Amino acid sequence: MHSTLQRLNHISSTATTYVLILLSLISITSYLTLPPVAPGKLEIRDLIVQRGRLRRWGAKEEDLASLRFDLKTDLEPLLNSYNTKQLFLYLTASYTDSLDAQDHEVVLWDRIITRGDIRDLRSVNKSKSSKSKSTKSKRSRAGRGRVWVEEGKNKYTWKMPSGSFKGVQNANLTVYYSLMPYVGLLSSGVAATATSAIHVPNVA
Amino acid sequence: MWHLSAASRLLFIPSTPRGHVQGVFLSRLAIEPMSAILPPAVLEWIEGTSIDPQSQDLISTASQIYLAILSAVCFIASYIAGSVLLSIEIFGAGLLLLVLLVSPPWSFLKRHPVKFLPARTKS
């Protein structure tokens with residue numbers, strides 16, 4: 001402790017310990033105080049299965065399913081909770097293929113919802129915006145946890161490894177969330193459920 | 001090369017000469033301490049005209065307590081405000097303050113200098 005360098009060394013090593021303690025306190029507390037989520041509503045408007053090819057004329061024809069859905073769920077308390085950086089929402093379909101007795105689970109749609117009051121050091125011209133503008137944008141960002149998707153389409157192609165949905169009768173559709181914290185454990189859960197399993201039509 | 005006296009120069013030259021001049025020079029560069037590389041003014045600021053032992057003790061205990069209180073304050077403030085970034089910012093600012101307060105050899109850290117016995121003279 002007799003020289004400046006030694007003091008700097010001592011303080012920085014002690015500070016590192018305390019930063020780690022602080023961050024672990026934050027992560028534990030935020031994990032214990034996560035608000036509960038009431039699963040929202042997922043309604044399937046339409047499900048069409050048709051033969052088609054994804055690539056050009058060299059490719060084989062296969063069954064392609066296209067989905068239309070309505071999603072309404074309120075994740076506002078979760079998004080504005082202590083240690084949330086962003087939420088990752090994803091819609092999955094899970095079903096069993098009776099032909100080869102395989103369970104499948106595929107992601108059909110997803111969305112990233114970032115926290116409204118997130119401060120990004122990389123953002124430019126933030127201070128230049130006028131006061132009224134910033135309050136307006138704050139207000140518009142306030143409700144981003146209330147997810148309301150109307151007539152959403154599946155973002156990713158829904159198809160089978162075998163090329164046909166012959167063995168599939170019903171599929172369960174669920175919207176899950178993953179919560180990404182600033183520091184700590186990733187947690188996940190169900191954000192919305194469909195009222196019943198959906199019937200997957202067969203192509204003749 | 002400011003501080004090196006003739007005797008230490010002799011000491012730093014390896015005892016088994018390499019045979020050619022360049023090798024000796026390079027090995028000297030690797031061995032020489034920082035005191036030989038930095039100018040004396042910078043060295044004095046970094047190493048400090050050492051602060052007294054009482055202040056050293058004070059700094060080591062006070063910095064521990066300060067950091068513990070600081071991290072508790074950070075945690076409570078961030079929990080109330082609901083923002084993790086706030087705690088990091090407060091901690092950073094507090095740490096900067098601590099470093100500025102404690103690391104340079106300020107005069108208030110030299111209030112209790114060690115009093116050495118007077119040098120004995122041959123009677």
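All chains are named by letter (A, B, ...) in the order of the sequence lines, taking the proteins before the strands, and each is independently numbered beginning at 1. Keep in mind that this is a model prediction, so the values were computed, not measured.
Considering every non-hydrogen atom in both A:S30 and A:N83, the closest pair reads OG-ND2, 3.0 Å. Scanning all heavy atoms of the two residues, the minimum distance from A:L108 to A:A93 falls at CD1-CB, 3.9 Å. Closest of all the heavy-atom pairs between A:P35 and A:S81 is CD-CB, 3.7 Å. A pairwise comparison of heavy atoms in A:E76 and A:R146 identifies OE1-N, 3.5 Å as the closest pair. Scanning all heavy atoms of the two residues, the minimum distance from A:L22 to B:S71 falls at CD1-O, 3.3 Å.
Looking at A:D70 and A:R45, a side-chain N of the basic residue comes within less than 4.0 Å of a carboxylate O on the acidic one, giving a salt bridge. A salt bridge is defined here as a Lys NZ or Arg NE, NH1 or NH2 lying under 4.0 Å from an Asp or Glu carboxylate O, and A:D63 with A:R51 meets this definition.
There is no contact between A:T84 and chain B, counting heavy-atom distances below 4.5 Å. Both the backbone and the side chain of A:V19 come within contact range of chain B, each with at least one heavy atom under 4.5 Å from a heavy atom of that chain. Contact of B:A72 with chain A is not made at all, since no heavy-atom distance falls under 4.5 Å. Neither the backbone nor the side chain of A:S12 comes within contact range of chain B, judged by heavy atoms closer than 4.5 Å. Using a 4.5 Å cut-off between heavy atoms, A:I21 does not touch chain B at all. Of the atoms belonging to B:F91, it is side-chain heavy atoms, and not backbone ones, that fall under 4.5 Å from chain A. Contact annotation for B:L67: both backbone and side-chain heavy atoms come within less than 4.5 Å of a heavy atom of chain A. In this structure, chain A has no heavy atom under 4.5 Å from any part of B:L70. When heavy atoms are compared at a cutoff of 4.5 Å, B:Y66 does not approach chain A at all.
In this structure, A:N154 contributes its side chain and A:A65 its backbone to a donor-acceptor pair below 3.5 Å. When atom types are taken as modelled, the side chain of B:S78 and the backbone of B:F75 share a donor-acceptor pair closer than 3.5 angstrom. No donor-acceptor distance shorter than 3.5 angstrom exists from the side chain of A:T174 to the backbone of A:T92, with no hydrogens or angles considered.
With chain B as the partner, the residue from A:T33, A:L23, A:V183, A:T29 showing the most heavy-atom pairs under 4.5 Å is A:T29. Across B:C74, B:S87, B:A68, the residue that shares the most heavy-atom pairs under 4.5 angstrom with chain A is B:A68.
Summarising the local packing, CZ of A:F165 is surrounded by more than 12 heavy atoms from other residues, nucleotides or ligands at distances under 6.0 Å.
Using non-hydrogen atoms only and a strict 4.5 Å limit, the part of residues 54-62 of chain B facing chain A consists of B:Q56, B:I59, B:S60. Close approach to chain A, defined as a heavy atom under 4.5 Å from one of its heavy atoms, is seen in no residue of residues 112-120 of chain B.
When the options A:F88, A:Y176, A:W158, A:F69 are evaluated for a ring-ring contact (aromatic ring centres under 6.0 Å, His included) with A:W109, the one that passes is A:F69. Tested against A:M160 for a side chain to side chain contact (heavy atoms under 4.5 Å, CB included), the candidates A:V106, A:D97, A:L64 yield a single pass: A:D97.
With values rounded to the nearest 0.5 angstrom, A:L173 atom CG is found 9.5 Å from A:S196 atom OG.
Taking the six-membered ring for Trp and thresholds of 30 and 60 degrees, A:Y95 and A:H104 have nearly parallel ring planes, at less than 30 degrees apart.
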